[in-house]
Structures are given as C-alpha cells and as structure tokens.
Student: 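Take this structure, written in structure tokens, and hold onto it; I'll ask about it next.
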Amino acid sequence: MSTVTGLQQRKAEALSLLSTLAIPSKRHEAWRRTSLEGLEPEQYKHDVPASVELKGNLPAGVIFTNILTAIEQHGDLVAKFIGTLLPHGQDKLAAAQSAHLNGGFFLYVPKNVTVEEPLQVVYNGKAGEALYLHALVVTEANASVTVLEQFEGEGEYLHVGVAEVFTGEGSRVRFGYLQNHSEDAWSVYYRRAKTGRDSSLDWVGGEFGGGVVRSELIGDINGVGSNSTIKVVFGASGNQHIDIVASQVHTGNNSGSDILGRGVLTGKAHSVFRGNGQINKGALNCSTYQRQQALVLSDKARADEIPALIINEHEVEGAGHAATVGKLDEEQLFYLMARGLSRKEATTMLVLAFLSPVLDQIPVEALRDEMTKLMAEKVNG
C-alpha cells in the first residue's frame with residue numbers, strides 16, 4: 001500500500017467512525033467534572049484551511065511546515081508517526097480531528113542538529129469555524145529544538161487539537177504553548193509523547209482563554225534514562241472552565257518526571273487539575289513528583305486539585321505529590337499596602353510571585369512577558 005493511499009485510508013476510517021462515536025461526557029470518570037453539553041461540532045465550518053503562521057530560521061535538514069504540506073511532500077515520514085500515540089477511535093472529537101484535519105505543523109530535526117532559535121506557530125480562530133489541528137514533532141538522536149504554539153481568536157469557534165511528540169535518543173525538546181482563545185471558544189487538545197533513551201522533553205504551558213477548555217498532556221516515559229517535565233500556569237475568570245490533565249507514565253528504567261501546576265481563579269471560574277505520576281511494573285529505579293497549587297480570589301470560584309500516584313513497581317527511586325487550594329495571605333497584603341501599594345497592586349505582586357516558579361521556565365522572554373500580562377489582566381478584571 002502506498003503512503004498516500006494509507007493516509008487517505010486513515011482519513012476515510014475516521015469519517016466512518018464519526019457516526020458511531022460519542023462526544024466525551026460526564027458519564028466517564030475522566031470527564032466527570034467537565035461538561036461539553038451544548039457542543040455540536042457539525043455547526044462549525046471545517047472545510048477551510050485553519051489560520052496557521054509558522055516562524056523560524058531552519059538549519060539544513062530541518063523540516064518545519066504546515067502538516068497538510070508535510071502530508072503531500074513528506075508522506076512516508078509523516079505516515080510512520082501520525083496517529084500512533086492517539087487512536088482516532090478514542091471519541092468523536094478525536095475522530096473529527098482526523099477526518100477533517102485542516103491545519104497544524106510538522107517538525108522534524110535530524111540527528112545531531114541543534115535549532116538555536118525557538119520556532120513559533122501562531123493559530124487564529126475565527127467565528128463559526130473549526131480548527132482541527134495536528135502538531136507532529138520528531139527528533140532524531142542528539143537533536144535539540146524549542147517550539148512554541150500560540151492560540152488566539154475572536155467569536156465562538158471550535159478547536160480540537162492533537163500533538164504527538166517523539167524524542168530520539170539523547171535529544172532535547174522543549175514544547176511551549178500559550179492558549180488565549182476567545183472567551184466563547186471550545187477547546188479540546190490531546191497531547192501525547194513518547195521519549196527515547198536518555199532524551200528529555202519539557203512541556204511549558206499557559207492556559208488563559210476559552211469558555212470551556214480541556215487540555216491533556218500525557219507522556220509515555222519509555223526510553224531508559226529519559227526525563228519529562230510538565231509545567232503549566234493557568235488563569236481563569238468570569239464563567240471560564242479549564243480542565244487540565246497532566247500524566248507521566250513510566251515504562252522505561254531509570255527515567256524521571258515532574259509535574260508543576262499553578263493557577264489563579266477569579267469570578268465564577270472553575271478549574272480542574274488532574275495530575276498523575278505512574279510507574280508501571282518492570283520500570284525500575286524511576287522517580288515521579290508532582291505539585292498542584294491554586295489561588296482562589298473569589299468566593300464563587302472553585303479549584304479542584306486531583307493528584308494521583310500509581311506505583312506498580314517495588315524498585316523505585318522516588319515518588320511524591322502535593323496539592324493545595326488557598327487564598328492570598330491577608331497579612332502579606334497588609335504588609336505591602338502599608339508600604340504604599342494599593343490592594344490591587346499588592347494582589348498582583350503576590351500572584352505573580354506565586355506563579356514565578358512556572359513563569360521563570362518559559363523559554364522565550366516575549367512569551368513569558370505575555371503570560372505575565374494576561375495573568376495581571378485576569379487578577380485585575
């Protein structure tokens with residue numbers, strides 16, 4: 001079977017699944033705290049290319065292009081990886097993303113190549129349209145790259161994204177993102193990764209926009225000696241609902257992982273942060289840690305922090321989790337206000353100090369500054 005035929009067959013299979021699958025619902029434990037009631041994917045136009053802008057200087061051999069172009073020009077390479085970490089039969093949204101794919105990017109970095117400057121991808125959602133996006137990142141041995149995604153838009157639209165990341169032996173990938181969808185947008189993003197031997201993968205993200213948001217980061221820490229970190233900062237206001245799933249599943253020996261999530265809620269916003277550190281049987285001498293913390297600045301806002309450890313192996317290097325939900329310390333506020341700051345200024349200063357362990361990890365200064373700005377806007381209404 002040719003590569004083109006195989007990819008076409010994949011799309012046809014996804015189309016046939018659409019009528020048999022359901023949108024994720026609260027009947028499933030993984031979605032129990034998030035409702036997609038009222039979402040009708042069919043009402044959004046998907047037959048127009050999504051707005052995708054790619055930026056970056058490329059060393060020789062690096063491929064960085066729209067996923068649709070990559071399917072045409074690098075079909076053999078794309079077909080080898082696409083869809084292998086997230087089956088499109090998982091649910092109706094995953095099937096729709098595969099069937100109606102209209103944007104995204106493909107990034108391939110050859111052996112021993114370092115991409116010095118971060119590569120950037122900017123998406124722009126438009127009212128009435130659907131963004132069915134796929135990000136596919138593949139690095140060969142000892143490669144290094146940083147890629148950044150930014151999401152923005154206006155009006156009510158639908159975003160369903162899939163990211164699949166494969167880190168080659170000894171390679172390093174930093175994947176950053178800033179999500180600032182329209183306040184009327186629906187967004188579901190399934191991120192999956194598989195690490196190679198002695199490689200590292202760092203997810204660094206900011207979740208600020210959207211009306212209803214589901215953001216998943218799930219890694220198979222497969223390579224011996226590999227390491228993966230997830231750092232997410234989130235800010236929600238008004239009636240926003242943001243559901244974040246951060247899961248590190250160890251299948252390779254001597255591997256390590258860490259999850260750090262910090263967020264701030266105002267208004268009637270609701271956040272869910274599900275952290276999972278899992279060491280499977282046979283994965284020897286692994287370590288997994290996680291910390292989840294939320295500040296609730298309104299009596300009507302709610303933060304659900306749900307940490308979990310699943311350890312199925314006796315030979316463990318280390319494991320632990322912590323989760324807290326609280327309010328700002330009134331004594332600290334009083335101290336700052338006594339030195340001339342307004343309550344709003346003091347609140348903003350304390351919130352940014354609380355978030356600094358994540359914000360300081362943002363690999364590009366401009367992106368870090370934008371996240372800081374967006375958080376200040378959330379806090380100050």
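Source: prediction; values computed, not measured.
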Student: Could you go through S257 and T288, starting from their C-alpha distance and side-chain angles, then the distance that decides it, and tell me whether this counts as side-chain hydrogen bond (donor to acceptor under 3.5 Å, both in side chains)?
Tutor: CA-CA 5 Å; S257 69; T288 181; 2.9 Å; yes
Student: If you compare all heavy atoms of E305 against all heavy atoms of T324, which two are closest, and at what distance to 0.1 Å?
Tutor: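 Smallest interatomic distance, heavy atoms only, reads CG-O, 4.0 Å.
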Student: Tell me whether K45 is salt-bridged to D47, with the criterion being a basic N under 4.0 Å from an acidic carboxylate O.
Tutor: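 Looking at K45 and D47, the cut-off is not met.
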Student: How many angstroms lie between CD1 in I279 and CD1 in I311, if you round to the nearest 0.5 Å?
Tutor: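 One gets 4.0 Å once the value is rounded to the nearest 0.5 Å.
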Student: For the CD1 atom of I218 and the CZ atom of R274, what is their distance to the nearest 0.5 Å?
Tutor: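 If we round to the nearest 0.5 Å, I218:CD1 and R274:CZ are 11.0 Å apart.
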Student: Quick check: closest heavy atoms across N380 and K344, and the distance to 0.1 Å?
Tutor: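 Of all heavy-atom pairs spanning N380 and K344, the closest is OD1-CG, 2.7 Å.
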Student: Of the non-hydrogen atoms in F106 and L77, which two are nearest, and what is the gap between them?
Tutor: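 In terms of heavy atoms, the two residues are closest at CZ-CD2, 3.7 Å.
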Student: Using a strict cut-off of less than 4.0 Å between a Lys/Arg side-chain nitrogen and an Asp/Glu carboxylate oxygen, indicate whether K327 and D299 qualify as a salt bridge.
Tutor: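 Judged by the 4.0 Å cut-off on N to carboxylate O distance, K327 and D299 do form a salt bridge.
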Student: Hey, does D304 have a side-chain heavy atom less than 4.5 Å from the side chain of F273?
Tutor: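 A side-chain contact is absent here, since even the closest heavy-atom pair is not under 4.5 Å.
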Student: Are any non-hydrogen side-chain atoms of Y177 and Q150 less than 4.5 angstrom apart?
Tutor: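 Side-chain contact under 4.5 Å: no.
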Student: How long is the span from the CG atom in L107 to the OG1 atom in T65, to the nearest 0.5 Å?
Tutor: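 Answer for the CG-OG1 pair, L107 versus T65, is 10.5 Å.
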Student: Could E13 and R10 be called an ion pair, given the rule that one side-chain N must be under 4.0 Å from one carboxylate O?
Tutor: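 Salt bridge absent between E13 and R10.
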Student: Check the side chains of D91 and Y190 for a donor-acceptor pair under 3.5 angstrom, ignoring hydrogens and angles.
Tutor: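 Indeed, the side chains of Y190 and D91 share at least one donor-acceptor pair under 3.5 Å.
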Student: Apply side-chain contact (heavy atoms from CB on, under 4.5 Å) to residues L260 and I230 and explain how you reach the verdict.
Tutor: CA-CA 6 Å; L260 174 60; I230 296 173; over 6 Å; no
Student: Start with the C-alpha gap between Y157 and H181, add the side-chain angles, then the distance that decides, and say whether ring pair (Phe, Tyr, Trp, His ring centres under 6.0 Å) holds.
Tutor: CA-CA 9 Å; Y157 57 87; H181 287 297; 5.7 Å; yes
Student: Quick one: does any side-chain atom of N253 pair with a main-chain N or O of L284 as donor and acceptor, under 3.5 Å?
Tutor: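 Judged by distance alone, yes, a pair lies under 3.5 Å.
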Student: Apply side-chain hydrogen bond (donor to acceptor under 3.5 Å, both in side chains) to residues T251 and D220 and explain how you reach the verdict.
Tutor: CA-CA 7 Å; T251 56; D220 176 5; 2.6 Å; yes
Student: Are the side chains of S25 and I23 in touch, meaning some heavy atoms are under 4.5 Å apart?
Tutor: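 The answer is no, as the side chains (C-beta and beyond) never meet within the 4.5 Å cut-off.
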Student: One thing to verify: whether R214 and E216 come together as a salt bridge, which I'm taking to mean a side-chain N less than 4.0 angstrom from a carboxylate O.
Tutor: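 Salt bridge flag = yes for R214 with E216.
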Student: Does the pair K281/E315 count as a salt bridge with the N-to-O cut at 4.0 Å?
Tutor: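 So K281 does not pair with E315 through a salt bridge.
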Student: Are V109 and E140 close enough that some pair of their side-chain heavy atoms sits under 4.5 Å apart?
Tutor: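 Contact flag for V109/E140 side chains = no.
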Student: Run the numbers on S171 and T139 for side-chain hydrogen bond (donor to acceptor under 3.5 Å, both in side chains), then give the verdict.
Tutor: CA-CA 7 Å; S171 68; T139 59; 3.0 Å; yes
Student: Strictly by salt bridge (Lys or Arg N to Asp or Glu O under 4.0 Å), give each pair with a member in residues 150-175 just once, sequence neighbours left out.
Tutor: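 As it turns out, the salt bridge (Lys or Arg N to Asp or Glu O under 4.0 Å) pairs with a partner in residues 150-175, which skip direct neighbours, are R172-D202.
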Student: Rounded to the nearest 0.5 Å, how far does OG of S226 lie from CD1 of I221?
Tutor: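 Result: 6.0 Å between the selected atoms.
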Student: When E29 is tested against each of K26, R33, R32 for salt bridge (charged side-chain N to carboxylate O under 4.0 Å, His left out), which residue passes?
Tutor: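 When salt bridge (charged side-chain N to carboxylate O under 4.0 Å, His left out) is applied between E29 and each of K26, R33, R32, only R32 qualifies.
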Student: Taking all non-hydrogen atoms of both residues into account, name the closest pair between L17 and G89 and its distance.
Tutor: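 Closest heavy-atom pair between L17 and G89: CD1-CA, 3.9 Å.
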Student: If you count every heavy atom of other residues, nucleotides or ligands that lies below 6.0 Å from Q43 atom CD, does the total exceed 12?
Tutor: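 Yes, enclosed.
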Student: With respect to E129, which candidate in L158, V48, N124 satisfies the side chain to side chain contact (heavy atoms under 4.5 Å, CB included) definition?
Tutor: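 Testing E129 for a side chain to side chain contact (heavy atoms under 4.5 Å, CB included) against L158, V48, N124 leaves exactly one candidate, V48.
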Student: Say whether V351 and V233 are linked into one hydrophobic cluster, either directly or through other cluster members, by side-chain heavy-atom distances under 4.5 angstrom.
Tutor: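 Yes, one cluster joins them.
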Student: Y189 and side-chain hydrogen bond (donor to acceptor under 3.5 Å, both in side chains): which partner among H159, E149, Q179?
Tutor: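 Result: among H159, E149, Q179, E149 is the only option passing the side-chain hydrogen bond (donor to acceptor under 3.5 Å, both in side chains) with Y189.
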Student: Hydrophobic cluster membership, with links at side-chain heavy-atom distances under 4.5 Å among I/L/V/M/F/W/Y: are V138 and I71 in one?
Tutor: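 Yes, V138 connects to I71 through the hydrophobic network.
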Student: With a 3.5 Å distance limit and no angle check, can you tell me whether T167 reaches the backbone of G196 through a side-chain donor-acceptor pair?
Tutor: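 Between the backbone of G196 and the side chain of T167 there is a qualifying donor-acceptor contact (under 3.5 Å).
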Student: Which atom names give the shortest non-hydrogen contact between K11 and A99, and what distance separates them?
Tutor: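 Heavy atoms of K11 and A99 come nearest at CE-O, 2.9 Å.
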Student: Is any side-chain heavy atom of L54 less than 4.5 Å from a side-chain heavy atom of F105?
Tutor: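 Sidechains of F105 and L54: in contact.
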Student: Does T114 use its side chain to pair, donor to acceptor, with the backbone of E116 at less than 3.5 Å?
Tutor: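 A pair under 3.5 Å: no.
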Student: Between D258 and K231, does at least one N-O distance fall below 4.0 Å, as a salt bridge requires?
Tutor: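 Answer for the salt bridge query: no.
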Student: With a 6.0 Å cut-off on the ring centroids, do H321 and Y289 count as close?
Tutor: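 Between Y289 and H321, which both carry aromatic rings, the centre distance is not below 6.0 Å.
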Student: Heavy-atom count around K194 NZ within 6.0 Å, excluding the residue itself: above 12?
Tutor: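 No, NZ of K194 has 12 or fewer neighbouring heavy atoms, counting only those of other groups under 6.0 Å.
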Student: If you define the side chain from C-beta out and look only at heavy atoms, does anything of L328 sit under 4.5 Å from F354?
Tutor: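 No; the side chains remain at least 4.5 Å from each other.
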Student: Is there a path of hydrophobic side-chain contacts, each under 4.5 Å between heavy atoms, that joins L297 and M371?
Tutor: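 Yes, it is one cluster - the side chains of L297 and M371 are joined through contacts under 4.5 Å.
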Student: Does P110 have any side chain to side chain contact (heavy atoms under 4.5 Å, CB included) partners at least two apart in sequence or in another chain, and if so, which?
Tutor: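 For P110, the residues satisfying side chain to side chain contact (heavy atoms under 4.5 Å, CB included) (neighbours in sequence not counted) are V62, Y108, V113.
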Student: Any side-chain donor paired with an acceptor under 3.5 Å for N57 and E117?
Tutor: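 Yes.
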Student: I'd like to check L333 versus T347 (side-chain heavy atoms, cut-off strictly below 4.5 Å). Are they in contact?
Tutor: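 Side chain of L333 against side chain of T347, heavy atoms only: contact under 4.5 Å found.
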Student: Is there a side-chain contact between L148 and F175 (heavy atoms, below 4.5 Å)?
Tutor: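 Sidechains of F175 and L148: no contact.
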Student: Could you report the tightest heavy-atom contact between N66 and G103, atom names first, then the distance?
Tutor: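 Shortest heavy-atom contact: OD1-CA, 4.3 Å.
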Student: Under 3.5 Å, side chain of E313 to main-chain N/O of G282, donor-acceptor pair present?
Tutor: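 Yes; judged by distance alone, with no hydrogens or angles, the pair exists.
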Student: Taking S215 for its side chain and I244 for its backbone only, find out whether a donor-acceptor pair lies under 3.5 Å.
Tutor: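 No, the answer is negative, given that no donor and acceptor are paired below the 3.5 Å cut-off.
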Student: Nearest 0.5 Å, what's the NZ-CZ distance between K55 and F64?
Tutor: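 That separation rounds to 10.5 Å.
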Student: Does E345 pair with R339 as a salt bridge, N-O distance under 4.0 Å?
Tutor: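 No, no charged N to carboxylate O under 4.0 Å.
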Student: Checking side-chain polar atoms at under 3.5 Å, does T195 have a donor or acceptor matched by the opposite partner on N222?
Tutor: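 T195 vs N222: no donor-acceptor pair found between side chains.
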Student: Pick out which of K378, E183, E207 makes a side-chain hydrogen bond (donor to acceptor under 3.5 Å, both in side chains) with Q240.
Tutor: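 The passing option is K378.
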Student: List for me each residue that meets side chain to side chain contact (heavy atoms under 4.5 Å, CB included) alongside Q278, sequence neighbours excluded, and say none if there are none.
Tutor: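 Checked Q278 against side chain to side chain contact (heavy atoms under 4.5 Å, CB included); matches are V249, N276, N280, I310.
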